[in-house]
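Below is one structure, written out as structure tokens; the observations come after it.
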Amino acid sequence: MFRKILIANRGEIAVRIARACRDMGVRSVAVYSDVDRASLHVRIADEAYPIGPAPSRESYLVIDKIIGAARYAGCDAIHPGYGFLAENPALARACVEAGIKFIGPTAEAMEKFGSKTAARHVAREVNVPTVPGTLDPIESADELIAIARQTGFPVVLKAVAGGGGKGMRSVERESELAAAWRDASSEAQNAFGDGRLYLEKYLLKPRHIEIQVLADQHGNIVYLGERECSVQRRHQKVIEEAPSPIMTPELRRQMGEAAVKLARAGGYTNAGTVEFLVDAERNFYFLEVNTRLQVEHPVTEMVTATDLVKSQIQIAAGERLPFAQEDVVLRGHAIECRIYAEDPENNFFPSPGTILARREPSGPGIRLDDGVYAGWTVPNDYDPMLGKLIAWGSNRAEAIARLQRALDEYYATGIKTNVSLFREILATPDFQNGDIYTRWLDDYLREGRKSDTAATGSDSKRAQSAALFAAALWHAGNGESPAHGTRADGSEPSRWRAEGRLGQVDREPSR
Ligand code: MV4
């Protein structure tokens, strides 16, 4: 086993990795930019080294600084987390050259799946269904039109180097093809330095379901069930759950075996995720492979009783998977909310700032993976995700109820958070019925919310303010939340606004 692991990341995932190290008796080393000196990951790791200014281009993304810090600290392995350098084959290569183990797949496997067209080729070779379309980049305008006609509209143009919706454009009709091509190609060129595009049939209302795999260096590969990630906002996942509400044991086996076949064909090792689109008839189509630990890994951990970060470290150290496919048993249901410092009432505008006070939910079935603390200032240089709130229940209804309870307990003042959005989503019949698809949240925010805004217009807001402010003061004095207060008319006060009032109370320096 390793003696010391450098964590090439920040925030909640760096904290998560440091915790796994501690559980395993391995020393952990944090790195931090100038604005992260006081961050939680620095405090929780055993050692910490500065790696430069706030912009990630000059700190968390500089391979030489990461390798230099690992050498200086005497680390024998590097965990990249997610984002930053996690899917950059150059870091995996630099690790090989430095004689340091990279906790992830090889640079070659990363490259194979990093190119979306190469990945489609692999899928085709091993008979994993792909969305109809091209297997290679499109070379000319004539080819584009011919292939679009042959595939049938609507189609979607995607970046060869892409992923996560960047450089992607759906096209309804032939007249829009040329403009969409220019837009997608220049976006891909800007984002990835590679403007090449390929084409797929555009599926309407598919679900996004992904399979977690673990592959050791001895040829053992298992799948750990699926995660349903259809609740997204502008290609950013917002809520994830395991299992998927539409899954059947037979479909799970088919998708799991497809994912394992792909991983094997790509020479994949360590933890990875195979993404699929699933249509209304439960046909599944391979989308892409994420060659990293994912943000939403906890829901899989909760329903499989595994520790994926620990498994990653054991695999990188050369150990064999300690269980076989038939040992993987799913139990209960887990749902995760990504909590962001952003304002859901103001177009999700980022809301960095100092966290003045905060209450962490807990209790049966609740897990909070976060990277913040009261008194800490959320920097505006990085993704403003504060952490993830995860609920486990013996079934989906219990997981939802526990998550709702935990969301009601959660508050942070000084910054705005998107917690109210989750209360709203979890209360919708669509979510409760599991009736969700990839554009569900975007549609809901555009259409489904209109009636709500009418009911809580500014007049009624003002009318409620005075009473809520008084209630907040009373509860603040008692160290309680007004969450379960009842007003004279018997209606429930809005927790969002009430805690907004609490925020103002906390902001008063004289208190
Ligand atoms: C699609 C699709 C429909 N048809 N591909 C968006 C992110 C990228 N990973 C793939 N994405 C999509 N690809 C075909 N052929 C719809 C989406 C999509 C989507 C996928 C997952 C989650 C949310 C989404 C929101 C809009 C579109």
Side-chain angles (χ1 to χ4, degrees), residues 82-83 87 113-120 123-124 128-135 137-138 144 147-148 150-172 176-177 180 183-184 187-188 191-192 197-211 226-241 244-246 255 259 262 272-292 294-296 299 336 338 348 425 430-431 434-447:
Y82 55 69
E87 293 177 275
F113 289 129
S115 159
K116 305 305 154 193
T117 43
R120 275 166 71 80
R124 189 63 61 94
V128 169
T130 53
V131 189
T134 61
L135 282 184
I138 294 170
L144 174 65
I147 286 171
Q150 191 191 322
T151 308
F153 289 89
V155 297
V156 56
L157 303 174
K158 294 186 178 184
V160 170
K166 255 213 192 100
M168 177 176 132
R169 289 286 183 288
S170 60
V171 187
E172 299 268 343
E176 296 163 4
L177 208 47
D183 286 359
E187 191 175 305
F192 315 112
L197 303 176
Y198 66 105
L199 180 148
E200 284 179 0
K201 173 95 187 156
Y202 188 66
L203 303 182
L204 297 166
K205 298 197 170 185
R207 284 167 183 265
H208 172 124
I209 299 180
E210 57 190 30
I211 303 284
E226 77 284 359
R227 293 184 287 262
E228 162 82 58
C229 306
S230 294
V231 180
Q232 308 202 1
R233 197 185 140 263
R234 301 189 181 163
H235 301 307
Q236 290 275 39
K237 292 169 186 163
V238 170
I239 297 178
E240 305 98 346
E241 61 183 300
S244 164
I246 62 140
M255 291 177 69
L262 258 167
T273 297
V274 183
E275 294 186 357
F276 295 95
L277 291 178
V278 180
D279 69 16
E281 286 78 46
R282 291 202 177 92
N283 298 305
F284 64 89
Y285 306 92
F286 165 68
L287 213 51
E288 54 191 73
V289 178
N290 298 134
T291 61
R292 59 166 192 277
Q294 289 196 268
V295 176
E296 60 271 28
V299 295
E336 172 183 282
R338 296 192 185 186
F348 300 91
I425 294 172
D430 279 353
F431 186 84
D435 244 341
I436 43 181
Y437 52 91
T438 46
R439 286 202 336 267
W440 179 84
L441 183 54
D442 291 316
D443 288 350
Y444 170 76
L445 290 174
R446 200 155 13 88
E447 291 151 25

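Read the numbers this way: they start at 1 and go in the same order the structure lists the ligands and their atoms.
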Which residues pass the side-chain contact (heavy atoms from CB on, under 4.5 Å) test with [X], sequence neighbours left out?
| X | result |
| --- | --- |
| K205 | Y437 |
| K158 | V156, M168, Y198, E200, L287 |
| D183 | R169 |

| field | Protein residues that have a heavy atom under 4.0 Å from any atom of ligand 1, sorted by chain and number | value |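 V131, V156, K158, G164, G165, M168, E200, K201, Y202, L203, H208, Q232, H235, E275, L277, L287, E288, T438, R439.
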| With a 3.5 Å cut-off and no angle check, do the side chains of Q294 and T273 form a donor-acceptor pair? |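 Judged by distance alone, the side chains do pair up.
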| Minimal non-hydrogen separation, E187 against G167, with atom names | OE2-N, 2.8 Å
| message | Between the side chains of R292 and E87, is the shortest nitrogen-to-carboxylate-oxygen separation below 4.0 Å, so that they form an ion pair? | response |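 Salt bridge flag = yes for R292 with E87.
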